[in-house]
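Let me begin by presenting the structure, written as structure tokens, before commenting on it.
Chain letters run A, B, ... following the sequence lines, proteins first, then strands; residues in each count from 1.
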Amino acid sequence: MEGITYLFLNAMTVASILMVVGLGLAIIYGLMELINFAHGEFVTIGAYTLVAADLLGGSFWMALLCAPIVGALFGILMERVLIRYLYDRPLAVILATWGVSLIIRQGIQLTFGAKGFGVSDPLVGTMSIVGVEYPVYRLFLIVTALSIMATCYLIIRYTRFGLDVRTVIQDREMAACMGINTRRINLMAFSAGSALAAIGGVLIAPLGNVLPHLGLGYLAKSFFVVIVGGVGNIAGVAAGSCLIGGLETFFNYHIPVSLSQALVLILAIVIVRYRPQGIIPK
Amino acid sequence: MAAKLLETSNIKKYFGGLKVLQDVNISLDYGELLCILGPNGAGKTTFFNVISGTFKPTGGKVVFEGKNIAGLPIHKYARMGIMRKFQVPSIFDDLSVRENLAVAMIANRNSAPSNDRIMEVIDIIGLKTFIDTEAGNLAHGQKQWLEIGLAIITDPKLLLLDEPTAGMTADETAKTASLINSLRGQYAIIVIEHDMHFVRALNSYTIILHKGTNFREGSFSQIESDPEVKEIYMGRK
Amino acid sequence: MKWNPIIFRFKLPPTLKQLVDERIWLVAFIGLAGLLLAYPLWADGYSLNLVRDMLIFGIVALSLDWLWGKGGMLSFGHAAFFGIGAYSMAITSINLDWGFSSLLGLFASVAIPGIIALLIGYFLIFAGVRGAYFVIVTLAIGIVSQQAAISWVSVTGGDSGLLGIPPLGFTLGDHRFQLDNSLSLYYVVLTVALLSLLFLWQLSRGLYGNLLKGIENNEKRAQSLGHNTSLHLLIVMISSAMLAGLAGGLYASCTGFVAPDLLSLMLSTEIFVWVAVGGRGTLLGPFIGAFIIMRLQQVVSSISTGLWPLVIGAIFIIIVFVFPDGILPFIRKFVVRFKLLFEKSGVKHGR
Amino acid sequence: MSKKINRREALKTIGAAVAISATSFGVPTLLKAADTIKIGFMAPLTGFGALAAPYIQRPFELAVEQINAQGGAGGRKLEFVTEDTQSSTKGTIEKTRMLIGRNKVDVLMGLIYSMERKAALTVSIPNNKLLVYPTFYEGDECNRNLICTGQIPNQSIDKFVPWLMQNVGKTVYILGSDYLWPRTCTEHIEKAVKASGGKIVGVEYFPFGTYDFAPALLKVKDVNPDMVWTMVVGSDTSTVIKQYRSFNLKPQLVSNAVDEMWATFMPKEDLTGIISDQSYFMTRNSSANSVFVKAYQDKFGVENGLIPALAEAMYCGTWLYAKAVAKAGSTDNEKVVKAISQIQFDAPQGPVSIMACNNHMRTNSLIGKTREDGLFDILADQGMTDPNIPNCSL
């Protein structure tokens, strides 16, 4: 019983990380069908917001509030200066965002140095939950990720903006005909996606080391989460991240970690083979 | 007696609980022209999708030259001689008219590709002055004709035309009708349409499809004068 | 399945635009080939090795262009095929002590990536995986194969790679024929590069090129005309992987060394950039792109280590806006305009 | 001086860039001055290795400055060219070729990763150039053209394990990054632990970039060994240690990879109390070391003044080479290699020398425990250990 609880909590931790990063990606990718290779860098920007807050004497909680703003600002900048000219050239977007990703990574390295930063856990210690001791911060991470998920779901489901977004996902041209300002939706979605990635960065930072290429490692996996889950809906991201996080954690208990990570990716490919529209299609 | 070119028996196609086709039966001989008429939503395009391999039927048989062909990969249908023109023009936008036809021609392994044949087809579809134009830059009607050209260049046995006049001007529609009439006899052709005037111009054996079944069939004049057809079809128009 | 060679033989009479294209291509090709053939006359050993390696990476870029530019499928894990080719060469020729083992290694470096591409491609392409999905799945394949190369220490030597790959050669009786000097290796690589370039160009300028373009344009249409599009794409993918593998094999035997980062995502993205910069779909462009970017990277990184990623990143963005189709098409656009200005020919022109 | 060289190189290469054409590859090499010794220094200045690069770059520059201040090596001044390997095989090979072929350097120094070392050797061995390599690594190189100054497994483990068995406990759980060095070390540890009557109770390897170690850490919790030996490297080190602390695990953390560098990467409270074996700690109490630390911090400032064992090894390597050239009176490889095993350098870690049979350095084996400021309390100074590479006799 204890083992299963741990397995579940560990899987939820990994899933939460993937969820927050993947959610931002899902919004950008699902809505605009753009592959944003700089998405990982927004995670990095979020993490460095925390580092900057740390250096300036601020707290984790302040960074958690600031990061989405910083992320959104960078997102708006990128959309206005670059992406909006490239909506009809998806391949150019890959090249341009890869360029941006290099620039952001190196820019961060020049500003903060190549060395990593370790951020102290904002919540220290462990807590007893259904009979097991589990780190408080991880529990916080899981709860936060789930509430971000829920908030996004509510926004998409019940607000005017959400309705517009869903319309655009369904049929961009039709949405434009119906008087939805798709350019504005694009901008908002891009900044929202970037903001979410930045929050993800803050949340991830206390688990490990903050480095200029932190975000790169999450890029491929979060793409997979989105694809496996199903492009264009939030439930898909949740399902995809739970599936990948769960599989990875489960395998980790039984086989060598390198093998299990490879196995997860191979399984993801198999899933894409048989369910190209994702496990939860839109 | 030799087998018919195409026979379908009791074709059914369900999407979940939605029964789009239930019991569609047609039979077509070599060189014959058949029009399938029906209001929107009658299942015409679904029926085409079934006999050209895009969908596997839920039940029933599609027999082409004596063989049941339901469920084969799409490209096999073309190789057996079934060619299809889609409702929305579907051509290779970045290739020129000539290149479009050449790519269509080499799909069939039985005929040797030749420039003469390409020019011949360009003549038939009336795009002589546009041979090196990229297909994406053609006018809407010209795209439709090019697509018919793609379908006939390999001399198929059966030509499936899905609303060949959709979105055309009156003038273009008339030209299309005469184009189809000129092909009559060379290939078996099935046309699906909801435009009565166009079908009148073709004046062929006609089947009315309604709620996924054969509702009426007969010569066009018979169909036209049928009061029930008027009610379900023309009454709505 | 019946093989129909007509696809490769039949040709339409070219239009002016195509003629201009082909002429530019041929002029550039002959110029470049001539320059490279004569290059050893004045180059020192160091430069010769440098250009040789650039040529090898040019071949990899070519193989990606064949897949992406002609087949329409962008692989973001293309370094995996290159690296697998290099490892196949290394493992075969190090472990087999036999007169022909390095030749066998070269064969393995072509065959094994081909087989892997067959498996992956069968799984993906026949399932209808295209576009962005293909990009991401191949990206994952690259990551998995790099991790495999690091973890599978007993075979791959782990993170530090394998050293001591014998040079290409074979033993006949008591004689050993061996390619171990810079000059002969240079010419071997150059020959492979020029031949594969010419071959793929010849293949794609005719109807087969039109067919691939048509598949990229409107695959459903091509299918309903009777083309087995998945099979065509699979063949393109396999041949692309084999060419990348061959380049890997050559790289392994030229440098005598393989390491896991030859399969890395970093290298994959570099390859992608070479193709995008040179001009996707031009086959020759990727070579030019690889040369320019690699040279630029070396130069800038020797001047300032901190700046080169910034410079390279900025270059990508500039390319997207200034040369949207890459360098070679950019040049073409000018030549076409120039030609039309002076040749008031009656030939009809596309756009 | 190095600045000047760099600018000259820069002008030349800019010229090449301007005329990007094959012809520019043939720019004639500038004549080198015969009265200097030219060193090609390589480090992963960009890419994933960038975080460690300063720890070899700084001590190298310090050593060069000190040697030149003393009149150079055998009367010849040292000058150097720095090149970035871009943390990749391809980059390392290119830059090594460039240093040897274009810059005509006399010797190569630097590099951190095994992959870089091997890549450089593919070029340096055929060109008969000496490479001085500072990093601790798996210890299987046996080559006349390679001088290694970092600990190899037998030097960091053979004395460390008996000490641990006596002072910490008998059961060991090993966590490592999934690559060659931890695997080789594990073999050594297994042998040594068995010999001391202890037991390995678990071994686990993780691919680079693993961001969740919880499954393994919970297994550790189940097994409850006396100590957990971590050989997780790079930025993953801080991930594993932080998560170890967050799970509140009790077993003693030990390592042969943790050094002063980590204090800059991670919260010091997480680092405190780890026992590590290194050839050198900044806190070593000796006159040679206090002079070294002072010179280092005067040159680079206290904020850049952390000196891990890697840095000290680079410093040793540069000095040993200079002394060997002075003794040999030449930069000729054969002569330098012959001379280098006959000299001794009073290094901050203690008097070091190169073993003639395998070109590796005798290193110290210091056992330290991280304290609150990220430096180490030295628990034991076990003295010089000979590098042992089976079947190697040069």
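- With rounding to the nearest 0.5 angstrom, the OH atom of A/Tyr134 is 6.5 Å from the CG atom of D/Leu218.
- For A/Tyr253, the parts lying under 4.5 angstrom from a heavy atom of chain D are both the backbone and the side chain.
- With chain D as the partner, the residue from A/Glu133, A/His213, A/Glu248 showing the most heavy-atom pairs under 4.5 Å is A/His213.
- Between the OG1 atom in D/Thr237 and the CG atom in A/Asn209 there is a gap of 8.5 Å [rounded to 0.5 Å].
- D/Phe247 touches chain A through backbone and side chain together, each having a heavy atom under 4.5 Å away.
- Looking only at distances, a side-chain donor or acceptor of D/Lys242 sits under 3.5 Å from a matching main-chain atom of A/Val119.
- For the atom pair A/Ile17 CD1 and D/Tyr211 OH, the distance stands at 6.0 Å (nearest 0.5 Å).
- Put simply, of D/Arg245, D/Lys221, D/Met261, D/Glu204, the one with the most heavy-atom pairs under 4.5 Å next to chain A is D/Lys221.
- When D/Ala50, D/Ala52, D/Ala216 are compared by the number of non-hydrogen pairs under 4.5 Å with chain A, D/Ala50 comes out ahead.
- Atoms CG and CZ, on A/Asn252 and D/Phe213 in that order, are 10.0 Å from each other to the nearest 0.5 Å.
- Contact of the A/Arg105 side chain with the D/Thr46 side chain is not registered, since no non-hydrogen atoms from C-beta on lie closer than 4.5 Å.
- A/Phe140 CZ: more than 12 foreign heavy atoms inside a 6.0 Å radius.
- Taking A/Leu123, A/Leu207, A/Leu9, A/Thr126 one by one and counting their heavy-atom pairs under 4.5 Å with chain D, the maximum is reached by A/Leu207.
- D/Leu45 CG to A/Gln109 CD: the interatomic distance, rounded to the nearest 0.5 Å, is 9.5 Å.
- Taking both residues in full, the closest heavy atoms of A/Asn10 and D/Asp212 are given as O-OD2, 4.0 Å, listed atom of the first, atom of the second, then distance.
- Among A/Gly208, A/Ser260, A/Pro256, the residue with the largest count of heavy-atom pairs under 4.5 Å with chain D is A/Gly208.
- Counting heavy-atom neighbours within 6.0 Å of A/Phe74 CZ, excluding the residue itself, gives a total of 12 or less.
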